[in-house]
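Below: one structure, written as C-alpha cells.
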Amino acid sequence: MFSDHDNPVSSATGTAATQASENTPKEEATPSTETPAAEPPVAEAAAASGTPDTLAPVEHVKADEVHATAEAHAQAAVVDAEAAAAAEEAAGAEEMSKLIEQYSEPQEAASQNEIIEVKVVAYTEHGVVVSLGGKTEGLVPAVEFSETDIPRPEPNATIEVQRTGEHKDGFVILTYQKVLRRRTWEKIDAQYKAKETITAKVVDRIKGGLVVDVGGVRAFLPGSQYDLRPTANLDGLMGQEVQVRITKLNRRRGNVVVSRRALLEEELHAKRAELMETLTEGQVVHGTVKNVTDYGAFVDLGGIDGLLHLTDLSWGRVRHPSDVVKPEQEVDVIILKFDKDKQRVSLGLKQLAKDPWADAAERYPAGGKYKGKVVGVVDYGAFVELEQGIEGLVHVTEMSWSKKPTHPSKVVKAGEEVDVVVLDIKPSDRRVSLGMKQAQADPWLLVAEKYPVGTVVTGKVRNIAEFGAFIEIEDGFDGLVHVGDVSWTGRVKNPHEVFKKGEPITAKVLRIDPENRRVSLGMKQVNDIWGDWFKQHRVGEIVKGKVSRIATFGAFVELGDNIEGLCHNTEIEERKRRDDGASSFRPTTGPLKSAGPLEPGKEYDFKIIKISSDTRRIGLSYRAAVRQIERKEIEQYKSTKSSATATIGDAMKQKLASR
C-alpha cells in the first residue's frame with residue numbers, strides 16, 4: 001500500500017544485516033593471512049633431512065605433494081572461517097531480533113503509514129494510551145481531541161490509528177485524527193463516484209454561498225445550487241441540515257463542491273414526465289405561484305411551470321400581476337393551451353369566472369345612470385369601471401358642460417367615485433361610452449331660467465369674431481353680441497375696434513335657443529329708447545322729423561335722440577311728379593343734396609306707415625303726411641263755413657293766402 005522506507009521494522013532489520021556484512025570480510029581475512037605460515041614446516045622438514053635442492057626427482061615429487069597438502073589445509077581453513085562467520089552472523093541477527101521485540105515493534109512490525117487497529121487502555125493528561133501488542137504502548141496526543149470536534153474514544157474501545165514515526169516518554173506517538181480524515185475522504189470519494197444523496201449541515205455563510213459539513217469535511221454549496229430559483233435569505237439557513245450531492249471533488253486540494261439543486265432537478269424531471277402525460281387543454285389544475293413578472297406570473301403545476309399572462313388574470317383592469325397574485329400563493333387555473341413538444345403551458349385565471357360582458361347590455365342599457373370608479377386618466381378622457389371587467393370611456397367633451405378646454409386630470413382623479421350615464425354600449429366590441437355631464441343638471445338650462453329674455457346682464461368678453469363678440473355671463477354660459485346689436489345708429493365694421501378681450505360688457509338678453517344652446521345679447525338694447533318711442537306712437541300718426549341724410553333709395557329722418565326712420569323715395573312724391581322732366585334724374589355717386597322737396601337739416605311732417613319693434617325700423621311717408629294734412633285742413637275749412645257751397649278750391653285759396 002505504501003513504500004517500505006516508511007516502515008520502522010524494515011529499517012531495523014536492514015541495519016542488522018549491514019552490520020553482519022561488515023564483520024564477514026574481517027573473519028575471511030584471518031585464514032588467508034595464516035595460510036603462508038603452514039608452508040615453513042615443510043621447508044624446515046626438508047632442510048633437516050639434509051637433502052639439497054638439487055636432489056633427484058623423487059625429492060621434487062615430495063615437495064609437490066607437500067604443497068598440495070598445504071593448499072588443501074588452506075581451503076579447509078577458509079571453509080571453517082566462513083562457517084564461523086555465518087554462525088556469528090546468525091547469532092547477531094537473533095540478538096537484534098530479540099532487541100527489536102523487547103524495545104521496538106511487535107513481531108510483525110507495521111509500516112509508518114499503515115493503519116492499524118489498537119485497543120484503548122487508559123487516559124492521561126497527555127492523551128489516550130493504546131496497546132500496540134506485547135509490551136509496547138502508543139499515545140494519541142490530547143491535542144487531537146481538545147482542538148477539534150473529534151470525540152475521545154471510550155475505554156477498551158478498538159480504534160484505528162497510524163504511526164507518526166515519533167517516540168516520547170517511552171510511547172510510540174500515534175495519530176487518530178489522520179485516520180479518521182483518511183476514512184472520511186475514502187467515504188466521500190465513494191459517495192461522489194456513486195452519486196449518493198448525503199446529509200450536510202450548514203455551518204457558515206460566505207460570499208457566493210454556504211459552507212456545509214459533510215462528515216467532518218467542509219464543503220462549498222453555491223447559492224445558485226441551493227434551490228431551483230434564487231434564494232433571497234441564505235443567512236436563515238444556518239444550522240439546518242440539507243440533502244445534497246457531491247458534484248466536484250479534488251482530494252489533493254481538499255476541495256468539495258455539493259449541490260442541492262441537482263437533487264431537486266432530478267425530482268422535478270421525474271414529476272414533469274409524469275405530469276406531461278396527464279395535462280389536457282381545458283383542464284382545471286391546482287398550482288403554486290412561483291414567480292411574478294411585469295407580463296404575468298409563472299405557476300408551478302407540480303413539475304412543470306405554466307405562464308399566467310397579464311391579460312388572463314382578470315376580466316378587469318390589472319396594472320401589475322402582483323395586484324392579483326403573490327409568490328407562493330396557491331391558485332386554481334385552467335389550461336388554455338398546451339404544447340407537449342415544447343413543454344409550454346398557457347394558463348388562465350379569469351376564464352374560471354363568468355364573462356361580465358355576456359349580459360352587459362341588459363344590465364347597463366343606454367341612458368341608465370350608474371356609479372363608477374375612475375381607474376385611469378388620459379389626455380382625451382377618463383376610464384371609469386362600472387364593475388370588475390366592465391369599464392368605459394368618458395370623453396373629455398362629456399366630462400363637463402363648460403366649453404372651456406380643461407385637462408381631464410383637473411376634473412377627476414384615479415380612484416375617485418363618479419356618477420355616469422351610459423351613452424352607448426357595444427358588448428361585441430367590449431366598449432361602452434359614458435358621460436359625466438349627463439348625470440348632472442344642465443347648468444345651461446338653469447342659467448337660461450336665471451336670465452330670461454329682457455334681463456340685463458354683465459359679463460366679460462371671452463372671444464371676438466368677425467360677426468361680433470362672445471360674452472361669458474357665467475362659467476359655461478356665453479352669449480353673442482352681434483355687430484348689429486352694438487349701436488342703434490353707428491354701423492360696426494370691425495368688432496376689434498369696439499371690443500377688447502376681458503373687458504366687462506353690459507348687454508340685454510334678446511333671445512334664448514335651448515336646443516342649440518345659444519344666447520343672443522344686445523348692447524344697444526340696454527338703453528331701449530326705441531321701446532319707449534314705440535309705446536308712444538302708432539302706425540298712421542303724423543310726426544315731425546328732421547332729415548338727417550339723403551340716400552339713393554330715400555331720406556333718413558331723425559325722430560328723436562338716436563331714433564331714425566326711413567322715408568323711401570316712393571313715399572316722398574307722387575308718381576306723376578317724380579316722372580316729370582329733369583327732376584326725375586338722380587346721380588348714382590356722391591352725396592345727395594335733396595330728395596324731391598326734402599332737404600337735409602329741415603323738418604317736415606311724416607306719416608308713420610310701418611313699425612318693426614324687433615328690427616327697430618320705422619317706415620315714414622312724406623306724401624301721405626301731406627295728403628292727410630291737406631285733407632284735415634279741408635275738413636276744418638268746411639266746418640268753419642256756414643255755406644254748404646264751399647269747395648276745395650276755396651279752401652286752397654284760403655291756405656295760399658294765409659302763407
Side-chain angles (χ1 to χ4, degrees), residues 310-320 323-324 350-351 353-452 459 462-463 465 470-480 511-520:
L310 175 68
T311 57
D312 294 313
L313 282 168
S314 173
W315 291 110
R317 176 187 292 261
V318 179
R319 294 182 178 180
H320 194 271
D323 296 337
V324 181
K350 71 178 185 181
Q351 287 78 4
K354 181 182 178 182
D355 186 356
W357 284 96
D359 56 351
E362 290 75 17
R363 291 184 291 113
Y364 300 102
K369 181 180 177 181
Y370 306 95
K371 284 189 177 294
K373 181 180 179 181
V374 179
V375 293
V377 180
V378 292
D379 292 338
Y380 52 86
F383 290 95
V384 177
E385 184 183 60
L386 298 178
E387 66 174 68
Q388 188 175 11
I390 297 183
E391 61 181 49
L393 173 65
V394 179
H395 196 267
V396 64
T397 57
E398 305 295 340
M399 300 185 78
S400 172
W401 292 107
S402 176
K403 294 182 180 179
K404 283 185 176 180
T406 305
H407 194 273
S409 61
K410 296 185 178 181
V411 181
V412 294
K413 303 293 181 183
E416 182 181 349
E417 192 176 75
V418 294
D419 292 325
V420 292
V421 172
V422 177
L423 305 180
D424 186 26
I425 184 169
K426 295 180 179 179
S428 58
D429 297 334
R430 295 180 176 270
R431 291 183 179 179
V432 56
S433 298
L434 305 174
M436 287 175 55
K437 67 181 184 181
Q438 289 82 358
Q440 306 169 359
D442 190 348
W444 199 93
L445 297 178
L446 296 177
V447 175
E449 294 178 359
K450 183 178 178 180
Y451 302 104
R462 185 176 62 85
N463 194 20
F470 290 94
I471 310 300
E472 184 181 46
I473 302 172
E474 287 187 8
D475 185 22
F477 190 80
D478 297 344
L480 173 64
R511 287 176 299 279
I512 295 179
D513 184 357
E515 184 176 352
N516 296 316
R517 310 179 76 81
R518 293 178 180 176
V519 178
S520 297

Within the distance-only criterion (no hydrogens, no angle test), does the side chain of W357 pair as donor or acceptor with the backbone N or O of S428 below 3.5 angstrom?
no
Output, in order, the C-alpha distance, side-chain angles, deciding distance and verdict of side-chain contact (heavy atoms from CB on, under 4.5 Å) for V420 and L386.
CA-CA 9 Å; V420 292; L386 298 178; 3.9 Å; yes
Heavy atoms of other groups near Q388 CD, more than 12 under 6.0 Å:
no
Does any part of the side chain of I390, heavy atoms only, come nearer than 4.5 Å to the side chain of R363, both counted from C-beta?
yes
Would you say V396 and H407 make side-chain contact, with heavy atoms under 4.5 Å?
no
Using a 4.5 Å cut-off on heavy atoms from C-beta on, say whether the side chain of V418 contacts that of V384.
yes
Any side-chain heavy atom of E387 sitting closer than 4.5 Å to one from P356?
yes
Salt bridge (Lys or Arg N to Asp or Glu O under 4.0 Å) between D359 and K354, intermediate numbers included
CA-CA 10 Å; D359 56 351; K354 181 182 178 182; 3.7 Å; yes
Just wondering, do Q438 and K369 contact through their side chains at under 4.5 Å, heavy atoms?
no
Student check: side-chain heavy atoms of V411 and V377 closer than 4.5 Å:
no
Give the intermediate values and the outcome of salt bridge (Lys or Arg N to Asp or Glu O under 4.0 Å) for residues E391 and K373.
CA-CA 9 Å; E391 61 181 49; K373 181 180 179 181; over 6 Å; no
Derivation and outcome, side-chain contact (heavy atoms from CB on, under 4.5 Å), residues M436 and E398
CA-CA 6 Å; M436 287 175 55; E398 305 295 340; over 6 Å; no
Do V412 and M399 have side chains that approach each other closer than 4.5 Å (heavy atoms only, starting at C-beta)?
yes
Locate the shortest heavy-atom distance separating I512 from P514; write the atom from each residue and the value.
O-CD, 3.4 Å
Report yes if the side chains of Y370 and V422 come closer than 4.5 Å at any heavy-atom pair, otherwise no.
yes
Is the shortest distance from a Lys or Arg side-chain nitrogen in K437 or D419 to a carboxylate oxygen in the other one below 4.0 Å?
no
So L393 and L434, side-chain contact (heavy atoms from CB on, under 4.5 Å) or not? Walk me through it.
CA-CA 6 Å; L393 173 65; L434 305 174; over 6 Å; no
Closest heavy-atom contact between L423 and A366?
O-CB, 3.9 Å
Does R431 CZ have over 12 foreign heavy atoms under 6.0 Å away?
no
Mind running side-chain contact (heavy atoms from CB on, under 4.5 Å) on D355 and W315 for me, showing each step along the way?
CA-CA 7 Å; D355 186 356; W315 291 110; 3.8 Å; yes
Looking at R462, R517, R518, which hits salt bridge (charged side-chain N to carboxylate O under 4.0 Å, His left out) with D478?
R462
